[in-house]
There are 2 protein chains.
Amino acid sequence: MHKYSKQTRHLLAVDCVVFGFDGETLKILLIQRAFQPEKGNWSLMGGFVEANEGLDEASTRILKQLTGLDGVYLEQLHTYGDTNRDPIERTVSTAYFALIDINKYETQLSNDYHAEWFPLTAAPKLIFDHAEMVEAAKRRIRYKAALHPILFELLPKKFTIPQLQTLYESVFNTTIDKRNFSKRVLATGLVIKLAEKDKAGSKRGAYYYQLNMDNYYAKFQAFLNFIPNPDTLLL
Amino acid sequence: MHKYSKQTRHLLAVDCVVFGFDGETLKILLIQRAFQPEKGNWSLMGGFVEANEGLDEASTRILKQLTGLDGVYLEQLHTYGDTNRDPIERTVSTAYFALIDINKYETQLSNDYHAEWFPLTAAPKLIFDHAEMVEAAKRRIRYKAALHPILFELLPKKFTIPQLQTLYESVFNTTIDKRNFSKRVLATGLVIKLAEKDKAGSKRGAYYYQLNMDNYYAKFQAFLNFIPNPDTLLL
DNA sequence: GCAAAAGTGTTGAGGATACACCCATGG
DNA sequence: CCATGGGTGTATCCTCAACACTTTTGC
């Protein structure tokens, strides 16, 4: 029995903007929508919220269902409530964004599911207001990554400084002096140098690093300084 | 006729955390809930979202209905979707926060409406998860105000530098050297000195300033630097 | 041996902090 | 005349940006 019986009830959805990094460019994961309207058109990972699940739960479930992804960094972004954003029926949608290590799931995603990666700069037209969500997600990760070490979520557990730099450069669409970048990163105390080298990128090889978890949680909330001249960036 | 007829529909609410500054301390506006459950207990300004209104519209409407406030700074904060956050029936709520000049509405609020201001540090127990929303709003305005000039929304059109400093000090619960604070503020080019003085705070009087709207929108997105040592703040 | 990427130090400029005294005026 | 808050300048430090050469090794 409903106690708030006079109130209107609404459709509630979640949509996830999934970011991945392949070592070159920042990408987003899209699927072709499975039902009408806009069936077959490119869409974020989305679905309706069920009666007995929270929003975070719903986004986790939907991401798992559509892509098999589990245990990834997932954060609420914004809730979109325009009455006409879905032409069929008024639907309020809470957008989330996820950051994942693209290589960890690449084959799984293309084989078992029908999600595809697109470079951020070359994504197809998206349904409804999903392009707006992607824009907001991009702004949010730029904003957050300029001050907090979230981009490590996009890399494998073991990564090299040049890989990290390429990631920052592609997220912020800029170039950074490698001497200064390396100094900044090492100065945070967030990474630990390993003995092993990655020989894939060069003949000499680059040392692997991994996150220093002790410092990670402690420093996460502090304002770091990963990007030179953040003032001049359009955030 | 519903095209998504198989999907569950949900109750949707908005709740507004309204901040005000009286020259001394940061305060929030609360009302006593008008209906069951928790009737008579202290609550944020909240209400259900109707069928034909967007979320921003709903928050504006509800704020107006409950307090008479109109045209104030209002920003979406976060959406709370735990299934049991309202004991009567599952309700998803999108929280907003507002920043207003407390003096502008003080008498109106206490006479025409039954909202009351409470110092942030001495607020009563709140219904449901409203205390969590207030905490999140507090973190958000600290975070945002450390980098963007949003706190001017809490002051009258004409304000003095000492007033502004007291505001920053109370939001960040710290003390700032007045020479450095004044330099920082003036260096942004965000304020214009007026000829008139405010004689209320001292015998000598303090010059009034007002926002320089030309620079305001241009500089809003840049990372400013209003707070010394933001690293050390718990944000 | 050479091309291609990794790794590393120093210097200079500018911005941030620390700090103390005079000013205006109402009582 | 004095107490109270308002207003201002400077020296120092330190952080950040600019900048170039050596190392390694697969081919």
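Every chain is numbered from 1 and lettered A, B, ... according to where its sequence line falls, protein lines coming before strand lines.
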Polar pairs (N or O, both sides) under 3.5 Å between protein and nucleotides 25-27 of chain D?
none

Quick one: ring pair (Phe, Tyr, Trp, His ring centres under 6.0 Å) partners of [X], sequence neighbours excluded?
X	result
B:His114	none
A:Phe128	none
B:Tyr208	none

For [X], what residues pass the side-chain hydrogen bond (donor to acceptor under 3.5 Å, both in side chains) criterion, not counting sequence neighbours?
X	result
B:Arg184	none
B:Gln76	A:His78
B:Asn215	none

So how far off straight is the helix from C:dG1-D:dC27 to C:dG27-D:dC1, going by the axes through five pairs at either end, to 10°?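 The angle separating the two end axes equals 0°.
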Any residue in residues 156-171 of chain A with a heavy atom nearer than 4.0 angstrom to DNA chain D? Just list them by number, or reply none.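 Per residue number, the list is empty: none.
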Those residues of residues 179-186 of chain A lying under 4.0 Å from DNA chain C by at least one heavy atom: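 The answer is A:Arg179, A:Lys183.
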Quick one: list whatever passes side chain to side chain contact (heavy atoms under 4.5 Å, CB included) with B:Lys193, sequence neighbours left out.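 Testing B:Lys193 for side chain to side chain contact (heavy atoms under 4.5 Å, CB included), a comparison that skips the adjacent residues, returns B:Tyr207, B:Tyr209.
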Counterpart residues, side chain to side chain contact (heavy atoms under 4.5 Å, CB included), relative to B:Leu66 (two or more places apart): B:Ile31, B:Met45, B:Ile62
